[in-house]
Participant: 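Sharing a structure, written as structure tokens. Questions coming.
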Amino acid sequence: MKRPRHRERPPLRIRFRRTRGRLLRRLFYAFLTLIATLCAAAVVAYHLTAVPEPHPETVTQSTVFLDAHGAYLGRRGPVDRQDVPLSTVPRHVQDAVIAAENRSFRTDSGVSPKAITRAALATLTGGDSQGGSTITQQYVKNALLSPEHSLSRKAREALIAIKLDRTRGKDEILEGYLNTVYFGRGAAGIQSAARNYFGVDAKSLTVAQGAALASIVNIPSYYEKAGSDPKVTAKLERRWEWVLDAMAASGSITVKQRVEARFPAFRFYPPGETDGQRQYLIDVAAKEAADRLGITEDQLASGGYSVTTTFDLGLQDSAAQLVQNRPGGKGGVRVHTAVVAMVPGDGAVRLLYGGSDYARQPFNDAVSGAVEAGTALDPFREVGRRAGEPLRGLLKTAAPTPLNLASAYATVAADGRYATPYTVARITREGRTVYRARPEVRRVLGEKEALMAGARSGAGPLPVAIRADSAKAQTEAEAKTEAKVFATDGAGGGITRRTVWTTGYDRQLALNVALFADRTAGGKGKKSTTAPAQLPNDPPPTEFARTAAAGIWKAAILGQRH
């Protein structure tokens, strides 16, 4: 029998040619199935993905303190951030951020496919993390998601960004971004950044300042030294130019605005000693504000309040310059200076100098320091029996605080009407006033008694004759600055001076400067305490106090004129 012949298999090349069409169709169907599966998965993931609530730390806001003219004093709170509505952020500032971070923001879908691909490749290859996200994605990353770097988190970020873009307006997204993005110098959000870098509110930012802040967002931890580090400043200026060029090219600013723009001056960083001095003011105002609102100081600090105080920051800085130059004592003696200025008949405290260095002495001498009165209360002795409270109680105190003594002389200046001292004028939150001060005034001395006390003090308004004799003075205000009479009292005399009180007042202001000294007491193994000490005689304490008071008075009067 003959064996059957096996058919020879055709070569692979021929077989592939014969089945190529079928394989391509199968691959095509498989590809369509994969695409459909991915699209279905994306649709399901999109519908199952919810836009999360912002992290608690991005909701927490600090409370800021302003002086009576709106100048920034400082803040309290765990995060330096305050929300502002987008309507208060100038359009040129919004456009600057868009030019720097995401020029297609107004028209894109919330994501950048190129940026997502670049970030995914960097993650897969172990390379450096890549930026380039849209403003919407940055907002999602900063405020809504954890900071981890992974493909799943990046995919979730993109889904949330798309959903956010479809469910919320561009302005709402931009507002959230501007209120949460980090600008360096500890500032989160455009409002805090404007204050930290330029000492103004966001609504007051110029084109040049807005472009500078927009340029900083790229590397905030590096650019925060702008203004104090020449290398950093030069690099930021180049990026600032690039942002302005983009704004001009898009029509966000005019050619004239671009040409006239000058690189702005920055507040020095890190902050200097004057910022630390202001903590005395914030301490007092924070306690009063919390009491007025019926909350704790911690709740106030994280509540996003804006506290307008009664202080005059310009006058405060002038006083600090005048009194900080006094040399200290020797042999362990420390010399203290406290200054208080307030409005008679109202109680608003304009000046409160409680120490030269908050970092070394957080104790406020002006509010809490007990200073031996000596002869400073003598003008009230004969009328004290007929005085009402709290003046009567004050006159029984051998060592009043500078604030209390200033309020006593302010009572005389107001013809016997005592005004409770206060430091908080108004508190707002989210643009709504939640507290407004109402002066607490009551009569504690008759007009005759107030006149007698004033005459005995010799520190009241200038006599008409003195004003007339001031030939150089062109106005009443100039006469006050040139010839103001101050009364100097205290405890001890000559080289045994223990305290010096220098006082002056008129119907607009009552000013008190107090000098006293102490030294550390207690031997080895004993708890250290302080005991009163004699004031050093170089420079003479009475002369120094009068000179300081005259300088502060002049600054106050000139400030009223301007």
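Model, not experiment: these values are computed from the prediction.
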Participant: Looking at E430, I want to see if its CD is surrounded by more than 12 non-hydrogen atoms of other residues, nucleotides or ligands under 6.0 Å.
Facilitator: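 Open: at most 12 neighbouring heavy atoms sit under 6.0 Å from CD of E430.
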Participant: Quick test of your reading of the model: are R417 and D415 salt-bridged, counting only N-O distances below 4.0 Å?
Facilitator: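 Answer for the salt bridge query: no.
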Participant: Would you check if the side chain of Q324 reaches a backbone N or O of S356 as a donor-acceptor pair within less than 3.5 Å?
Facilitator: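 A pair under 3.5 Å: yes.
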Participant: Strictly by modelled atom types, are T423 and E288 linked by a side-chain donor-acceptor pair under 3.5 Å?
Facilitator: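 There is such a pair (donor and acceptor under 3.5 Å, judged by atom type) between the side chains of T423 and E288.
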Participant: Does any part of the side chain of Y72, heavy atoms only, come nearer than 4.5 Å to the side chain of R278, both counted from C-beta?
Facilitator: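 Answer no - side chains too far apart.
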Participant: How far does CG of D489 sit from OG1 of T375, to the nearest 0.5 angstrom?
Facilitator: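 With rounding to 0.5 Å, CG (D489) is 3.5 Å from OG1 (T375).
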Participant: When you compare the side chain of R292 with that of R436, does any pair of heavy atoms fall below 4.5 Å?
Facilitator: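 No, their side chains stay 4.5 Å or more apart.
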Participant: Would you say the side chains of Q191 and D83 form a donor-acceptor pair under 3.5 Å?
Facilitator: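 The criterion, which ignores hydrogens and geometry beyond distance, is not satisfied for D83 and Q191.
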Participant: Nearest heavy-atom pair of Y505 and A510: which atoms, and what distance?
Facilitator: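 It is CB-CA, 3.8 Å.
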Participant: Apply side chain to side chain contact (heavy atoms under 4.5 Å, CB included) to residues Q82 and S62 and explain how you reach the verdict.
Facilitator: CA-CA 6 Å; Q82 274 213 322; S62 61; 4.1 Å; yes
Participant: Does T420 offer a backbone N or O that forms a donor-acceptor pair with the side chain of E440 under 3.5 Å?
Facilitator: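 No, because the side chain of E440 does not come within donor-acceptor range (under 3.5 Å) of the backbone of T420.
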Participant: Describe, in one word, how the ring planes of H336 and F516 are oriented to each other, choosing from parallel (under 30°), tilted (30 to 60°) and perpendicular (over 60°).
Facilitator: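 Parallel.
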Participant: Considering the options T309, T310, T433, L66, which one meets the side chain to side chain contact (heavy atoms under 4.5 Å, CB included) requirement together with R426?
Facilitator: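 Option passing the side chain to side chain contact (heavy atoms under 4.5 Å, CB included) with R426: T433.
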Participant: Tell me, yes or no, whether the heavy-atom count around E297 atom CD, taken from other residues, nucleotides or ligands under 6.0 Å, exceeds 12.
Facilitator: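 For E297, atom CD is crowded (more than 12 foreign heavy atoms under 6.0 Å).
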Participant: What's the shortest heavy-atom distance between F266 and A212, and which atoms?
Facilitator: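 Heavy atoms only, the tightest pair is CZ-CB, 4.1 Å.
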Participant: Going by heavy atoms in the side chains, are N196 and F183 under 4.5 Å from each other?
Facilitator: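 Counting from C-beta outward, N196 and F183 never come under 4.5 Å.
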Participant: Would you say that R185 contacts R267 through its side chain, given a criterion of any heavy-atom pair below 4.5 Å between the two side chains?
Facilitator: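 In short, these two side chains touch, coming nearer than 4.5 Å.
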Participant: With the threshold set at 4.0 Å, does a side-chain nitrogen-carboxylate oxygen contact exist between R456 and D378?
Facilitator: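 Result for this pair is no, no salt bridge flagged.
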Participant: Does the side chain of E389 reach to within under 4.5 Å of the side chain of R392, using non-hydrogen atoms?
Facilitator: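 With C-beta onward as the side chain, the pair touches.
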Participant: Go through the side-chain N and O atoms of N404 and T401 and say whether any donor and acceptor fall under 3.5 Å apart.
Facilitator: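 Yes - a donor-acceptor pair under 3.5 Å links their side chains.
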Participant: Please report the shortest heavy-atom distance between A419 and G345, naming the atom on each side.
Facilitator: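 Between these two residues, the closest heavy atoms are CB-C, 3.8 Å.
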Participant: Inspect the contact between K287 and D291 and indicate whether a charged nitrogen and a carboxylate oxygen are less than 4.0 angstrom apart.
Facilitator: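 Salt bridge flag = yes for K287 with D291.
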Participant: Could you state the interatomic distance from CG (L391) to CG (L394), rounded to the nearest 0.5 Å?
Facilitator: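 Reported to 0.5 Å precision, the distance equals 6.0 Å.
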Participant: Can you tell me how far the CD1 atom of I190 sits from the CD atom of Q94, to the nearest 0.5 Å?
Facilitator: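 If I round to the nearest 0.5 Å, the distance is 9.5 Å.
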Participant: When rounded to the nearest 0.5 angstrom, what is the spacing between CG in D312 and CG in L352?
Facilitator: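 So the CG of D312 and the CG of L352 are separated by 13.0 Å.
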Participant: Can the ring centres of F363 and Y280 be said to be less than 6.0 Å apart?
Facilitator: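 No.
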Participant: Should S228 and K225 count as side-chain neighbours, where that means a heavy-atom distance under 4.5 Å?
Facilitator: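 When only atoms from C-beta onward are counted, K225 and S228 do touch, with a gap below 4.5 Å.
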Participant: Do V349 and L403 come within less than 4.5 Å of each other through their side chains, counting heavy atoms only?
Facilitator: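 V349 reaches L403 side chain to side chain.
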Participant: Between D67 and L313 (side chain of the first, backbone of the second, donor and acceptor by atom type, cut-off under 3.5 Å), is there such a pair?
Facilitator: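 Indeed, once roles are kept as given, a pair shorter than 3.5 Å links the two residues.
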Participant: Keeping the roles fixed (side chain from D506, backbone from L509), state whether a donor-acceptor pair exists under 3.5 Å.
Facilitator: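 Confirmed, D506 side chain pairs with L509 backbone.
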Participant: Any cation-pi pair here, R429 with Y305, using under 6.0 Å and within 45°?
Facilitator: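 Yes - R429 lies over the ring of Y305, closer than 6.0 Å to its centre and within 45° of its axis.
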Participant: Name all residues meeting the salt bridge (charged side-chain N to carboxylate O under 4.0 Å, His left out) criterion together with R75; count only those two or more places apart in sequence or in a different chain, and write none if there are none.
Facilitator: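 In terms of salt bridge (charged side-chain N to carboxylate O under 4.0 Å, His left out), with neighbours along the sequence ignored, R75 is linked to D80.
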Participant: Does the side chain of R498 reach to within under 4.5 Å of the side chain of L535, using non-hydrogen atoms?
Facilitator: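 No - every pair of side-chain heavy atoms lies 4.5 Å or more apart.
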Participant: Between Y358 and D283, is there a side-chain donor-acceptor contact under 3.5 Å, judged purely by atom types and distance?
Facilitator: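 The criterion, which ignores hydrogens and geometry beyond distance, is satisfied for Y358 and D283.
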Participant: Test F311 against R350 for side chain to side chain contact (heavy atoms under 4.5 Å, CB included), laying out the working first.
Facilitator: CA-CA 4 Å; F311 302 124; R350 293 286 181 245; over 6 Å; no
Participant: Show, in sequence, the C-alpha distance, side-chain angles and deciding distance for R386 and L445, and conclude whether the side chain to side chain contact (heavy atoms under 4.5 Å, CB included) test is met.
Facilitator: CA-CA 7 Å; R386 299 187 292 277; L445 278 178; 5.7 Å; no
